[in-house]
Amino acid sequence: MIVALTITKFRGLTIPFAFIGMAVLRLPLWLNKKCSFWKLMGSGKDARVDLSPDYKHWAVLTTWNDHKDYDHFNQNSIVMKWFNFFAVESFTILLNPLTSHGLWSKVQPFKVDKTNKVPSVKIAVITRAAIKFNRLKEFRHNIKRAADAMHTAPGFVLSAGMGENPFFDQATFSIWDDAESVKNYAYKTFDHADVIKLTRAREWYKEELFARFSIIDSWGTLNGTSVEL
């Protein structure tokens with residue numbers, strides 16, 4: 001499986017076309033039978049893990065059976081042409097699922113080949129949560145410290161906050177030097193480990209997903225940062 005994520009920064013004057021794209025580009029994605037899962041998403045401020053929406057950054061996540069199908073989509077689809085036409089900056093990364101637990105919109109979007117081995121080089125992570133309405137205030141109060149801790153964690157490379165809406169459906173994409181760095185941040189960084197405990201104790205989420213990926217390829221920049229593989 002190929003998982004493709006593109007995060008695009010729109011020029012200020014073209015932001016209305018980003019909103020239009022979020023509406024009209026759903027149809028060609030829905031009609032593309034080779035795309036097994038897709039999401040059009042907004043982003044946090046400056047494409048970071050932030051609950052304040054950023055109307056310049058937008059993301060498209062898609063999954064494909066093979067590289068050929070993705071290449072055809074990337075080169076020919078109105079979806080990618082729309083993103084590329086209005087882009088002042090764009091970042092794309094291709095991923096191969098290593099592990100995936102949980103659901104996204106009631107489906108398991110990432111098909112894992114159990115023969116895949118966790119690489120000793122850079123690894124990517126996607127976490128996603130649908131937040132319960134009556135837990136939103138608690139979530140907002142606590143999530144910032146976990147996000148701040150991420151940026152200072154050993155092995156952290158890059159992250160982006162995304163979501164289908166700016167409050168109740170949150171996803172975080174991050175890249176790390178290796179799997180050990182992810183593990184240390186998740187369970188040994190106090191703020192993040194504490195938030196995990198609160199998540200379980202207070203039952204913040206009605207749906208959640210955690211997935212790890214090896215990195216196949218990447219190009220472009222996100223806030224001026226590229227990923228060296």
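Given the structure is predicted, the values throughout are model-derived calculations rather than measurements.
- For N84 (side chain) and M80 (main-chain N/O), a donor-acceptor pair under 3.5 Å exists by modelled atom type.
- A 4.5 Å side-chain heavy-atom check between F173 and L158 finds at least one atom pair inside the cut-off.
- Summarising the local packing, NE2 of H72 is surrounded by 12 or fewer heavy atoms from other residues, nucleotides or ligands at distances under 6.0 Å.
- Looking at E208, its side chain never comes within 3.5 Å of a backbone N or O of F210 through a donor-acceptor pair.
- Residues T8 and H57 are not in side-chain contact: their nearest non-hydrogen atoms beyond the backbone lie 4.5 Å or more apart.
- Using bins of under 30°, 30° to 60° and over 60° for the plane-to-plane angle, the ring pair F73/W64 lands in the tilted bin.
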Full working for ring pair (Phe, Tyr, Trp, His ring centres under 6.0 Å) between F17 and F85: CA-CA 10 Å; F17 292 96; F85 182 80; 8.4 Å; no
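- Judged by distance alone, the side chains of N184 and S181 never bring a donor and an acceptor atom under 3.5 Å apart.
- In terms of hydrophobic clustering, with Ile, Leu, Val, Met, Phe, Trp and Tyr side chains grouped at heavy-atom distances under 4.5 Å, L103 and L209 are assigned to different clusters.
- The backbone N or O of F37 sits less than 3.5 Å from a side-chain atom of T63, completing a donor-acceptor pair.
- Within 6.0 Å of CD1 on I20 lie more than 12 heavy atoms contributed by other residues, nucleotides or ligands.
- The backbone N or O of Y70 lies less than 3.5 Å from no partner atom in the side chain of N74, so there is not a single donor-acceptor pair.
- Within a 6.0 Å radius of CG in L31, other residues, nucleotides and ligands contribute more than 12 heavy atoms.
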Assess the residue pair E207 and K106 against the criterion (salt bridge (Lys or Arg N to Asp or Glu O under 4.0 Å)); give the C-alpha distance rounded to whole Å, side-chain angles, the decisive distance to 0.1 Å, and a yes or no. CA-CA 8 Å; E207 186 180 62; K106 299 182 180 180; over 6 Å; no
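- When atom types are taken as modelled, the side chain of Q108 and the backbone of G102 share a donor-acceptor pair closer than 3.5 angstrom.
- V3 has its side chain within reach of F213: a pair of non-hydrogen atoms, C-beta onward, lies under 4.5 Å apart.
- Considering every non-hydrogen atom in both H101 and T99, the closest pair reads NE2-CB, 4.3 Å.
- Side-chain contact, T6 with T92: a donor N or O sits under 3.5 Å from an acceptor N or O.
- In this structure, T172 contributes its side chain and G161 its backbone to no donor-acceptor pair below 3.5 Å.
- Looking at I123 and V182, their side chains come closer than 4.5 Å, going by heavy atoms from C-beta outward.
- Put simply, the side chain of I126 reaches to within 4.5 Å of the side chain of W104, judged on heavy atoms.
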Report the C-alpha separation of D177 and V157 in whole Å, then their side-chain angles, then the decisive distance to 0.1 Å, and conclude whether the side chain to side chain contact (heavy atoms under 4.5 Å, CB included) test is met. CA-CA 7 Å; D177 280 337; V157 177; 3.4 Å; yes
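- Taking the six-membered ring for Trp, F83 and W58 have ring centres at least 6.0 Å apart.
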Working for salt bridge (Lys or Arg N to Asp or Glu O under 4.0 Å), residues K9 and D54: CA-CA 10 Å; K9 183 178 181 180; D54 180 347; over 6 Å; no
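- Under the 30°/60° scheme for interplanar angles, the aromatic rings of Y55 and F19 are found to be tilted.
- The shortest distance between side-chain heavy atoms of L29 and T62 falls below 4.5 Å.
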Could you walk me through whether E89 and K56 satisfy the salt bridge (Lys or Arg N to Asp or Glu O under 4.0 Å) test, starting with their C-alpha distance in whole Å, then the side-chain angles of each, then the deciding distance to 0.1 Å, before giving a yes or no? CA-CA 10 Å; E89 183 185 42; K56 291 183 178 179; over 6 Å; no
Between F91 and W219, is a ring pair (Phe, Tyr, Trp, His ring centres under 6.0 Å) present by the stated rule, with each step listed? CA-CA 6 Å; F91 172 77; W219 57 89; 8.7 Å; no
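- The minimum heavy-atom distance linking A211 with F110 is given by the pair CB-CD1, 3.8 Å.
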